Amino acid sequence: MSNVCEVHHPLIAHHLTILRDQATRPALFRDCVRRLSTLLAVSATGDLSLNDRSVTTPIQPTGGSALAQRIGIVPILRAGLGMVDPLLDLLPDAEIWHLGMYRDEATAQPVEYYSKLPPGNPCDVGFVIDPMLATGGSILSAIEALHRWGCQDVRVLSLIAARPGIERLQSAFPQVKLFVAAIDPELNTDNFIVPGLGDAGDRIFNT
Ligand code: PRP
């Protein structure tokens with residue numbers, strides 16, 4: 001699993017446990033999604049390119065740095081919306097490109113219902129965000145959309161990913177880096193992650 005990074009940190013372990021707890025109400029659930037997304041984003045942005053940038057402090061001029069690449073944040077609706085703000089806090093100049101996708105309950109196949117990616121001028125790095133990677137169908141479909149756009153450096157941030165979905169992602173796109181807070185072992189017969197956290201979209205939006 002060379003391009004899979006399961007980020008280990010005491011704060012991740014703490015907030016992930018609250019996230020999994022069925023007693024956690026939506027307001028706290030959203031807070032935990034934000035905190036975990038920030039912690040994952042630090043790892044996922046660790047190799048972004050920099051240009052030199054000089055500034056003048058109140059004391060004297062000094063050398064510094066500025067992010068060099070055009071960054072796209074690509075939330076998969078709905079649940080990915082819960083991860084947008086923490087990434088945007090860290091990457092305030094990023095573009096947001098929404099992808100509307102839901103998983104058909106009978107077939108578990110992703111159904112796309114919104115995409116406004118333009119025909120050209122792709123961003124340099126695309127961060128696909130979705131709290132859950134179950135069968136991997138939705139993430140794969142999002143990666144295909146970004147590749148069609150021309151974005152070659154695609155990275156995925158998911159809070160919880162199931163091993164079967166990770167294996168599918170790795171086999172289809174071995175070069176795509178995946179950053180996760182937890183890898184869960186399996187899916188149940190309804191293709192829900194076990195132990196997982198239930199339905200992230202429903203828990204974020206209280207539906
Ligand atoms: C969930 C989740 C992912 C997808 C994961 O979304 O947020 O997008 O399912 O499943 P997969 O890896 O098997 O494709 P859902 O379809 O419930 O839509 P929602 O975010 O609108 O609730």
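Throughout, numbering of the chain's residues begins at 1 and tracks the sequence. Note that ligands are numbered from 1 as they come in the structure, with each ligand's atoms numbered from 1 the same way. Since we're looking at a predicted model, the values are computed, not measured.
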- Message: Please tell me whether Thr207 and Asp202 have a donor and an acceptor in their side chains that are separated by less than 3.5 angstrom.
- Response: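 Present: a donor and an acceptor within the cut-off.
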
- Query: Would Arg103 and Asn191 count as having a side-chain donor-acceptor pair, cut-off 3.5 Å?
  - Reply: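 No, because no side-chain N or O of Arg103 sits under 3.5 Å from a partner of the opposite role on Asn191.
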
- Query: Sub-3.5 Å donor-acceptor pair from the side chain of Thr38 to the main-chain atoms of Arg34, do we have one?
  - Reply: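 Here the side-chain-to-backbone pair exists.
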
- Item | Pocket residues of ligand 1, ordered first by chain and then by residue number (heavy-atom cut-off under 4.0 Å) |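 Contacting ligand 1 under 4.0 Å are Leu77, Arg78, Ala79, Tyr102, Arg103, Asp130, Met132, Leu133, Ala134, Thr135, Gly136, Gly137, Ser138, Asp199, Gly201.
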
- Hey, quick one: are Trp149 and Met101 part of the same hydrophobic cluster, counting side-chain heavy atoms closer than 4.5 Å, chains of contacts allowed?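 Looking at the clustering, Met101 is in the same group as Trp149.
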
- Shared hydrophobic cluster for Val125 and Met83 (ILVMFWY, side-chain gaps under 4.5 Å):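 Result: yes, single cluster for both.
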
- Item | Arg25/Asp31 under salt bridge (Lys or Arg N to Asp or Glu O under 4.0 Å): CA gap, chis, key distance, verdict | CA-CA 10 Å; Arg25 300 291 304 149; Asp31 287 343; over 6 Å; no

